[in-house]
2 protein chains.
Amino acid sequence: MSETTTSEAPAFRPLYQQVRDTLVRRLIVGSWTPGMMLPSEFQLASELGVSQGTVRKALDAMTAEHLLLRRQGRGTFVALPEEGRILFKFFRLVADGGERLFPQSRVLGRVKARASAADREQLGLAKGADVWRIDRVRHLGEAPVISERITLPVARFEALGQMADIPNNVYALYSEVFGITIGKAAEKLKAAIADATLAERLGCETGHPVLSIERLALALDDTPVEHRISFCLTDSFHYRSDL
Amino acid sequence: MSETTTSEAPAFRPLYQQVRDTLVRRLIVGSWTPGMMLPSEFQLASELGVSQGTVRKALDAMTAEHLLLRRQGRGTFVALPEEGRILFKFFRLVADGGERLFPQSRVLGRVKARASAADREQLGLAKGADVWRIDRVRHLGEAPVISERITLPVARFEALGQMADIPNNVYALYSEVFGITIGKAAEKLKAAIADATLAERLGCETGHPVLSIERLALALDDTPVEHRISFCLTDSFHYRSDL
DNA sequence: CAGTGGTCTAGACCACATA
DNA sequence: ATGTGGTCTAGACCACTGG
């Protein structure tokens with residue numbers, strides 16, 4: 001997708017991609033908000049001075065990125081973070097039987113701290129920047145299955161300090177309260193061993209194998225927004241990856 | 001394009017999808033083989049009695065599935081299993097530094113066996129069917145990193161018994177020797193602990209955490225072809241997943 | 001019914017690769 | 001120069017949704 005142009009001419013960006021970019025910008029700046037219905041293809045086409053087919057290509061591309069939702073006969077809508085399929089786009093833990101449960105979360109702590117060198121590297125922050133750290137345990141059904149720490153730049157999430165509590169679905173929170181939409185994420189998976197505190201949180205023995213998942217989530221403009229490290233019990237659940 | 005109405009619920013498959021299906025069939029039956037150049041869009045269009053734009057949509061869909069490779073000014077080609085990017089589509093293990101090495105394999109054993117109940121379930125085989133079991137260790141750089149067992153239905157891979165040895169890239173083998181192209185795969189990841197034999201194969205201690213990856217690979221017609229279970233050391237490598 | 005997205009066509013022109 | 005895929009347009013018609 002992304003063209004690593006060395007340094008040269010305007011490089012020729014197709015019209016439909018330019019259209020896509022201007023429409024994505026409307027999502028970023030918030031003039032189009034989740035759930036909202038977009039103007040029809042013909043309206044957008046005449047507004048932007050391109051043909052309806054070109055607008056369609058742009059809308060199709062954004063739909064493929066899960067930014068929009070199109071329904072024949074109804075219209076084109078800005079995707080909601082809660083939309084079932086979108087939600088599971090970022091939650092890959094599945095019961096071995098196949099059922100896809102959605103986790104309940106219990107927050108253990110939420111503190112403001114100075115960003116470590118690693119935090120600054122991952123989140124692209126300047127020296128001296130602050131971050132939020134949220135620790136929580138997530139349950140699938142009855143049992144605790146995930147223990148995780150979420151790291152967020154305070155600069156983009158000032159008001160987090162004034163919130164009574166952190167909701168279960170933080171990506172909906174980022175979107176609705178802070179106007180930040182997570183577009184994609186990259187995860188690094190490793191096998192590890194539960195230490196004493198992790199074992200206590202998850203109700204397993206020290207030394208039990210756990211799946212560690214390190215995630216970096218990016219906003220629509222590809223800037224890093226959230227860093228997260230999760231430790232999961234995979235005795236009756238697994239991480240599903242489709243290739 | 002004939003409108004094969006089957007008197008049932010679906011009743012209306014878009015023309016470009018019908019075109020895609022007939023073209024995919026040419027890949028399945030082998031009248032188009034990897035590396036081959038396809039006729040031009042206009043030739044296909046006139047042959048199939050549809051417009052060039054409709055052929056284009058079908059070709060674009062197949063390109064998105066990594067079945068074809070299109071290059072402006074050159075033509076449209078059947079994708080090779082060795083194509084760099086395609087190869088890494090199915091190999092997600094990355095060095096922590098970021099380099100993507102490709103593994104070297106050492107085969108430990110290759111035996112024919114009666115399919116277990118689990119094998120039959122996963123591969124869709126009848127009672128009494130036979131399977132091949134291939135055990136191998138894979139190295140990334142110097143050190144052994146993966147120990148895996150591949151299970152294949154003998155019915156689809158008869159000639160495997162006569163082969164002197166198993167090449168490193170088995171998906172290229174399936175394609176070139178058996179005419180079977182792997183289109184997609186689903187993986188289930190868990191954390192586990194190395195037992196004595198695994199520890200010996202990977203050169204780690206018994207009890208060391210390992211990432212277990214269970215994969216079911218499907219052919220272009222969505223029939224299961226290969227079942228594989230891999231155990232990976234993730235001390236200096238990780239499994240990368242993009243969401 | 002009117003309005004939306006979805007499909008299909010036809011033709012023009014652009015960008016790229018090769019001979 | 002020729003042939004390829006890539007883009008863009010314009011228009012017609014189909015399929016679905018909701019009043």
Side-chain angles (χ1 to χ4, degrees), chain A residues 1-6 8-23 32 35-79 83, chain B residues 1-23 32 35-79 83 85:
Chain A
M1 306 298 178
S2 62
E3 200 74 47
T4 55
T5 45
T6 50
E8 253 311 304
F12 176 66
R13 191 154 179 77
L15 189 51
Y16 74 90
Q17 282 190 32
Q18 299 179 39
V19 171
R20 175 201 167 277
D21 291 346
T22 71
L23 299 188
W32 285 348
M36 187 174 166
M37 179 177 169
L38 270 60
S40 78
E41 296 179 350
F42 279 102
Q43 285 175 297
L44 287 171
S46 76
E47 177 199 339
L48 299 173
V50 301
S51 83
Q52 178 249 7
T54 300
V55 169
R56 172 177 292 271
K57 279 199 83 167
L59 295 178
D60 284 346
M62 293 172 71
T63 304
E65 297 174 81
H66 300 116
L67 300 180
L68 301 178
L69 197 62
R70 316 191 74 185
R71 277 189 287 173
Q72 188 171 167
R74 300 237 4 225
T76 302
F77 302 83
V78 181
E83 303 283 357
Chain B
M1 269 289 109
S2 60
E3 190 71 42
T4 58
T5 45
T6 51
S7 80
E8 264 302 321
F12 178 66
R13 188 160 178 73
L15 189 50
Y16 73 91
Q17 282 191 29
Q18 299 180 39
V19 171
R20 176 201 166 277
D21 291 347
T22 70
L23 298 190
W32 285 347
M36 187 172 166
M37 178 177 170
L38 269 61
S40 78
E41 296 178 350
F42 279 102
Q43 285 175 299
L44 286 171
S46 76
E47 178 199 340
L48 299 172
V50 301
S51 84
Q52 179 250 6
T54 300
V55 169
R56 172 177 291 271
K57 278 200 83 167
L59 295 178
D60 283 347
M62 294 172 71
T63 304
E65 298 174 81
H66 301 117
L67 300 180
L68 301 178
L69 197 63
R70 316 191 72 186
R71 276 188 288 174
Q72 187 173 160
R74 299 230 13 215
T76 302
F77 302 83
V78 182
E83 303 283 356
R85 304 173 193 114

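Because the structure is predicted, anything quoted here is derived from the model rather than measured. A note on names: the letters A, B, ... follow the listed sequences, proteins ahead of strands, and every chain is numbered from 1.
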Atom-to-atom span, CG of A:Asp60 to C1' of D:dT7 - whole angstrom: 15 Å
Nucleotide D:dT9, atom C1' - distance to CG of A:Leu15 in whole Å: 11 Å
Strand contacts (DNA chain C) in residues 48-58 of chain A, 4.0 angstrom heavy-atom criterion: A:Arg56
Length of the CG-P vector between B:Leu68 and D:dT4, whole Å: 16 Å
Sugar-phosphate only, base, or nothing, as touched by B:Phe42 at under 4.0 Å among non-hydrogen atoms: nothing
Gap separating the CG atom of A:Leu69 from the OG1 atom of A:Thr76, nearest 0.5 angstrom: 9.0 Å
Interatomic spacing from CZ in A:Arg70 to CD in A:Glu41 - rounded to 0.5 Å: 4.5 Å
Whole-Å distance separating the CZ atom of A:Arg20 from the C1' atom of D:dT7: 17 Å
Length of the line joining B:Leu59:CG and C:dC8:C1', which is rounded to integer Å: 16 Å
Distance (rounded to the nearest 0.5 Å) between A:Gln18 CD and A:Asp21 CG: 7.5 Å
Which atom of A:Ala61 lies closest to which atom of A:Arg20, heavy atoms considered: CB-CD, 4.4 Å
4.5 Å side-chain heavy-atom contact, A:Leu38 and A:Gln43: no
Test side-chain hydrogen bond (donor to acceptor under 3.5 Å, both in side chains) applied to B:Gln72 - qualifying residues, sequence neighbours left out: none
I'd like a table of atom pairs between the protein and nucleotides 15-19 of chain D - only N or O on both sides, under 3.5 Å - with the distance next to each one.
from: D:dA15; atom 1: N3; to: A:Gln72; atom 2: OE1; distance (Å): 2.9

Length of the CD-P vector between B:Glu41 and C:dG11, whole Å: 16 Å
Heavy-atom side-chain proximity of A:Leu68 to A:Leu23 below 4.5 angstrom: no
Close side-chain approach of B:Ser51 and B:Tyr16, heavy atoms under 4.5 Å: no
C:dT7 OP1/OP2 closer than 4.0 Å to side-chain N/O of B:Tyr16: yes
Short side-chain N/O contact to C:dT4 OP1/OP2 from A:Arg70, under 4.0 Å: no
Value in whole Å for how far the C1' atom of C:dG5 lies from CG of A:Leu38: 13 Å
Side-chain touch B:Glu47/B:Leu44, heavy atoms, less than 4.5 angstrom: yes
B:Gln43 CD to D:dG3 C1', straight-line distance once rounded to whole Å: 10 Å
